[in-house]
Amino acid sequence: METKVFIVEDIEKNLDYIKEGANVIKNGGTVAFPTETVYGLGADALNEEAVKKIFIAKGRPQDNPLIVHVANKEIDYLAKDIPQIAKDLIRDLWPGPLTLILNKKDLVPNVTLANLDTIGIRMPNDPIALKLIEEAKTPIAAPSANISGRPSPTDVFRCVQDLTGRVDCIIGGEKSNVGVESTILDVTCNPPCILRPGGITLEMLKKYNNDIYIDKAVMNKVEGDFKPKAPGMKYRHYAPKAKVRIVSGETKKMVEKINEIVHNYIDAGLKVGIMASYETRECYNKGEVIVLGKREALNTITPNLFESLRALDDLGVDIIISEGFEEVGLGIAIMNRLKKAAAYDIIYV
Ligand code: TXA
Ligand code: MG
């Protein structure tokens, strides 16, 4: 399959690229596009055959439902029984990194929603994404634009790497500035429940209902035949080729432990990558050190998280040791992604 790649530098000047992408969607094809969270791989959410192509391109399990992306806040045609809290969140936080799980109406086919009675809907905060959806005149189903199991792409280069020859079109825009996928909030239950932490934090959501909580499958390993509410949470995710380990705890002890582990691996002949922070970067003198961002401003860390995993893979490291982060605010989303990348291999010091 030939994959067209369009780089949109200026949304007005390059409107034709977006229109061409929208035509691909209208004709049942697949288009990767930027969003503020991660790049998405889109198809017409209402077209069964088109949606099937997404699953094939990504190698995604069929039982993992897709999020439906919209360009405006009017979603009555997609969902029913929309509770007041959902209306308030839509009013205040859309467009933005928040997916709401609602009771579905019958318009969206089962392939898109993996036979669930619910639908995940989100309005992305990216001008290219919004224009693409608007021009396609249909909601767009879009998972992250990576091959299943790999870290999500936060720039167009990574989409091209993963999806060339597998999709019809890739539209490039800015780097994703949130860098982790949207927060998924199930509002079909009371109190609402976070199924995946993301750019909209628990603390922000608690302002709407103080009882909102995080599903217990989010931060801990899912064992045996336990069925998480977001089917995607049971799969190994965000995994680079290298093995990942996390060391978490008080900064001084954490740095000491990481240095000890790194030295052992290097002595054993392995190539080691370290995911450090701005504050600690000088503390490591062996291995490939990548700075994620500032510990004191976690929104500088999230945009680099997935890219750092991929960049260390490119350097051919055998093992990646990442610093851990306190699980508050954006730290919850960061640790959720890191733990999955590490298959829960975490050392607390
Ligand atoms: O930020 C995002 O949400 C990105 C961008 C592209 O918008 N999309 C994304 O999609 O992360 P994906 O497919 O990688 O992750 C979707 C997650 C999966 O874990 C899936 O199981 C869950 O959302 N999900 C979708 N619909 C659901 C539903 N009706 N009920 C429960 N979980 C659902
Ligand atoms: Mg994904």
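Atoms within each ligand, like the ligands themselves, are counted from 1 in listed order. The figures that follow rest on heavy atoms only: side chains count, while hydrogens, waters and symmetry mates do not.
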*Hey, which atoms in ligand 1 end up nearer than 4.0 Å to a heavy atom of Arg122?*
1 (O), 2 (C), 3 (O), 5 (C), 7 (O)
*asked:* Test of understanding: given a 4.0 Å heavy-atom threshold, classify the contact between Ile184 and ligand 1 as side chain, backbone, both, or neither.
replied: side chain
_Less than 4.0 angstrom from a charged side-chain N to a carboxylate O is my criterion; do Glu134 and Lys131 meet it?_
yes
_Quick test of your reading of the model: are Asp44 and Lys137 salt-bridged, counting only N-O distances below 4.0 Å?_
no
*Please confirm whether His69 comes under 4.0 Å of ligand 1, counting heavy atoms of the residue only.*
yes
*Applying a strict 4.0 Å limit to heavy atoms, is Ala142 in contact with ligand 1?*
yes
*asked:* Against ligand 1, does Leu113 come closer than 4.0 Å with any heavy atom?
replied: no
*asked:* Regarding Glu181 and Arg337, does a basic nitrogen lie under 4.0 Å from an acidic carboxylate oxygen?
replied: yes
*asked:* So if I count the atoms of ligand 1 from 1 in the order they appear, which ones are less than 4.0 Å from some heavy atom of Glu181?
replied: 1 (O), 2 (C), 11 (O)
*For ligand 1, which atoms have a heavy atom of Ser182 less than 4.0 angstrom away?*
1 (O), 2 (C), 3 (O)
_Rounded distance [0.5 Å steps], OH in Tyr208 versus CD1 in Ile85_ = 8.5 Å
*Which class fits the ring pair Tyr17 and Phe6: parallel under 30°, tilted 30 to 60°, perpendicular over 60°?*
parallel
_Here's a test for you: under side-chain hydrogen bond (donor to acceptor under 3.5 Å, both in side chains), which of Lys271, Lys286, Arg245 qualifies with Tyr265?_
Arg245
*asked:* Any carboxylate oxygen within less than 4.0 angstrom of a Lys/Arg side-chain nitrogen, looking at Glu279 and Lys294?
replied: no
*asked:* Under a 4.0 Å threshold between the charged nitrogen and the carboxylate oxygen, would Lys53 count as salt-bridged to Glu49?
replied: no
*Spell out the protein N/O/S atoms under 2.8 Å from the Mg ion (ligand 2) as residue plus atom name.*
Ser144 OG
_Atom indices of ligand 1 within 4.0 angstrom of Leu116 heavy atoms, with elements_ = 28 (C), 29 (N), 30 (N)
_Mode of Thr118 contact toward ligand 1 - side chain, backbone, both, neither (heavy atoms, under 4.0 Å)_ = both
*asked:* Evaluate Lys58 for polar contact with ligand 1, using N/O atom pairs at a separation under 3.5 Å.
replied: no
_Carboxylate-amine/guanidinium proximity below 4.0 Å for Arg295 and Glu326_ = no
*Are any of the N/O atoms in Thr35 less than 3.5 Å from those in ligand 1?*
no
*Salt bridge between Glu260 and Lys257, side-chain N to carboxylate O under 4.0 Å?*
yes
*Are the charged groups of Lys4 and Glu20 less than 4.0 angstrom apart, N to O?*
yes
*Among Gly42, Pro124, Pro65, Ala32, which one has a heavy atom closest to atom 24 (N) of ligand 1?*
Pro65
_Quick test of your reading of the model: are Asp162 and Arg310 salt-bridged, counting only N-O distances below 4.0 Å?_
yes
